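To find a chain, count down the sequence lines: A is the first, B the second, and so on, and within it residues start at 1. Small disclaimer: the values here were computed from a predicted structure and weren't measured.
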There are 2 protein chains.
Amino acid sequence: MKQLLVTNPTCQFCSFSNVCEKDSAQKPLGLKVKSQQVHQRGSSLFSMGDKFDALYIMRSGSAKTCLLSQEGEQQIASFHYAGDIVGLDGFDTEQHAHNLTFLETSSVCRIGLVEFNRAMAESAIVRQSVLKSMSHLLVGEQQVLFSNSQYNAEQRLANFLLNLSARFEQRGLSALRFNLSMTRIDIANFLGLAFETVSRLLSKMQQQKTINVNHRQVSLLNIDKLRQTLLCGAEAKLSTNFSSQAA
Amino acid sequence: MKQLLVTNPTCQFCSFSNVCEKDSAQKPLGLKVKSQQVHQRGSSLFSMGDKFDALYIMRSGSAKTCLLSQEGEQQIASFHYAGDIVGLDGFDTEQHAHNLTFLETSSVCRIGLVEFNRAMAESAIVRQSVLKSMSHLLVGEQQVLFSNSQYNAEQRLANFLLNLSARFEQRGLSALRFNLSMTRIDIANFLGLAFETVSRLLSKMQQQKTINVNHRQVSLLNIDKLRQTLLCGAEAKLSTNFSSQAA
DNA sequence: CGTTCTATTGACATCATTCAACGCCGGTGG
DNA sequence: CCACCGGCGTTGAATGATGTCAATAGAACG
């Protein structure tokens, strides 16, 4: 159903393909995408404090969302791929709350805020899509939180690789062989680890024939073993550390 | 401006007070609150997998949002106080993605999904408020992520206390003396620490006259010292660990 | 073709967890 | 009224996972 009216293959997996007017004039209540932009690796789409005047949808490439503290420390909150909507952080204060930096040459569709508000007013489908997207992001953040505080280093990395794998698969790419567009430093920052730890663990997993790494190219050789990594230690924790249901 | 039409004092700090029709019939495009509910400590408002059919606004008391893995491990993603909107996780899959458990006797306002959708269709202010709330939650989650991976145990706890203090102050309560409605176990889980570590740090802070703790009652004796805790170690990290702006 | 960024690997240090013992408090039942 | 019990909280000692520091080498880019 989603794909019916979409002619551009890169739009196929966009969360807004069913409301986008880019490729079709048959949806008068949809979102009008005003322009497209191409950005180089390392460049920013917006930064903390910038005026919030548009939402963007990743059309190709990849990007990272970073928080920066006053002290100059950064925290990567998420990675984005084609079809992901970015910029939703701006509604809170009408300024962007984080930076969006591209990890490789990428393109985005821009939706001006005025146009967005018009579409929200006129179309129930647009409202539904937006709420769904934001809700999904919220739940995703919570799962990252879970991973980063319940899992050990190896489990976090396994989880990270499995998540990437799933996202590539959703986009019609290979779930077992893909490219990391981010550095080890970025991965480590995202997972709350030292980058040396990430490097060591990737080597270890390769030794154990669980994965194969060559620079940024990753192959998952034994995806079941990766999944089992996430379960290890769970039964041990079951007895202790149980929190107060009735405090 | 927000408070002008609000007669009930407990609504004063609600994010939806400007669109709520509970206390006034003068806002025909606002949200109709259909009912109120009172819940006991330890009881749940909704659980993972429950059908999503309403949003709720905390009216009094406090609650926690928990993710539960299949293995039975839980992760507390946030704590909620009067005025907070909860249930927004449901838009993603039309089922709730986490549990909401009350930490003390609490009451909530219920907004049925049908009524919510009507208000979203009809009122720009409602749309604005909802987007703002969700965006705020998103940014808040990211800050928790930052705290839990960039800060050490003491900094996380200091940050936690300062955040609570700010939230109480926003609600017109004392910023320097307040009650913890959650257990040490809950705090530790939220901060990604062992509960013994939280207990030890609270004792240490008390020894250093930074705070005073008596069971659940906390006084911030030296709030500047707490704030400085967050800066400690920042300059050391500035040189190293800088991630790739241009990967 | 050299500089800079990224990545790997080893040795060592340390912060936080784990395990354990114990006290406190509120509730419940004899 | 007192004894018991379970959940919560505190504190100590030992262990270990991960961070830190350091040396080196390969890629990328101008």
Side-chain angles (χ1 to χ4, degrees), chain A residues 40-42 73 101 103-105 148-158 179-189 191-207 211-218 229 232-233 236-247, chain B residues 40-42 73 101 103-104 147-157 179-189 191-207 211-218 229 232-233 235-247:
Chain A
Q40 298 303 311
R41 165 168 78 181
E73 293 169 280
T101 307
L103 298 172
E104 59 190 311
T105 303
N148 284 19
S149 69
Q150 303 287 341
Y151 287 160
N152 66 23
E154 187 167 9
Q155 291 175 312
R156 288 185 219 178
L157 187 57
N179 228 64
L180 301 172
S181 53
M182 68 293 286
T183 66
R184 306 283 194 271
I185 298 177
D186 283 341
I187 298 173
N189 180 287
L191 297 177
L193 300 169
F195 70 89
E196 294 97 328
T197 305
V198 170
S199 186
R200 262 185 265 271
L201 286 172
L202 285 173
S203 300
K204 184 184 165 194
M205 286 174 166
Q206 186 163 31
Q207 273 175 19
I211 64 171
N212 202 301
V213 201
N214 221 310
H215 307 130
R216 304 281 179 94
Q217 186 71 224
V218 175
T229 310
C232 281
K237 285 189 181 174
L238 255 174
S239 49
T240 51
N241 231 354
F242 230 90
S243 172
S244 51
Q245 279 304 317
Chain B
Q40 297 304 311
R41 164 169 79 181
E73 293 168 279
T101 307
L103 298 171
E104 58 191 311
S147 163
N148 284 18
S149 69
Q150 303 286 340
Y151 287 159
N152 65 26
E154 188 167 10
Q155 291 175 313
R156 287 185 218 177
L157 187 58
N179 228 63
L180 300 173
S181 52
M182 68 293 286
T183 65
R184 306 285 194 267
I185 298 177
D186 282 342
I187 297 173
N189 180 288
L191 297 176
L193 299 169
F195 70 89
E196 293 98 328
T197 305
V198 170
S199 184
R200 260 185 268 270
L201 286 172
L202 285 173
S203 300
K204 184 184 166 193
M205 287 174 166
Q206 185 162 32
Q207 273 176 19
I211 65 173
N212 202 302
V213 202
N214 222 310
H215 305 129
R216 303 281 179 93
Q217 186 71 222
V218 174
T229 310
C232 280
E235 65 286 349
K237 286 189 181 176
L238 256 176
S239 50
T240 52
N241 232 354
F242 230 89
S243 171
S244 52
Q245 279 305 316

Sorted by chain and number, sequence neighbours left out, side-chain contact (heavy atoms from CB on, under 4.5 Å) with B:S147 holds for B:Y151, B:R156, B:N159
Reckon A:S203 has a side-chain N or O less than 4.0 Å from the OP1 or OP2 of C:dT9?
yes
Taking CD1 from B:I187 and C1' from D:dT10, how many angstroms apart are they, rounded to a whole number?
14 Å
Spacing between B:Q217 atom CD and D:dC8 atom P, to the nearest angstrom:
19 Å
Heavy atoms of A:S181 and A:R216 approach each other most closely as O-NH1, 3.4 Å
Rounded to the nearest 0.5 Å, how far does CD1 of B:I187 lie from CG of B:L201?
11.0 Å
Between C1' on D:dA28 and CD on A:E104, what's the gap in Å once rounded to a whole number?
16 Å
Any B:R184 side-chain N or O less than 4.0 Å from OP1/OP2 of D:dG7:
no
Every protein N/O lying under 3.5 Å from an N/O of nucleotides 17-19 of chain D:
residue : atom : partner : partner atom : Å
D:dT18  : OP1  : A:A153  : N            : 2.8
D:dG19  : OP1  : A:A194  : N            : 3.2
D:dG19  : OP2  : A:A194  : N            : 3.1
D:dG19  : OP2  : A:T197  : OG1          : 2.4

In whole Å, I'd like the distance from the CG atom of B:D186 to the P atom of D:dG7.
15 Å
Measuring from atom NZ of A:K204 to atom OG1 of A:T197, what distance do you get when rounded to the nearest 0.5 angstrom?
11.5 Å
How close or far is atom P of C:dC5 from atom CE of A:M182, stated in whole angstroms?
20 Å
What is the distance, to the nearest angstrom, from the NE2 atom on B:H215 to the P atom on D:dG7?
19 Å
State the CG-CG distance between A:N148 and A:L193, to the nearest 0.5 angstrom.
7.5 Å
Rounded distance (nearest 0.5 Å) linking atom CG of B:L202 with atom CD of B:Q206:
8.5 Å
Roughly, in whole Å, what's the span from CD in A:E196 to P in C:dC12?
16 Å
Does A:L103 reach the side chain of A:D186, with side-chain heavy atoms less than 4.5 Å apart?
yes
Between C:dC15 atom P and B:L191 atom CG, what is the distance in whole Å?
19 Å
Contact class for A:S199 vs. all strands (heavy atom < 4.0 Å): base, sugar-phosphate, or nothing?
base
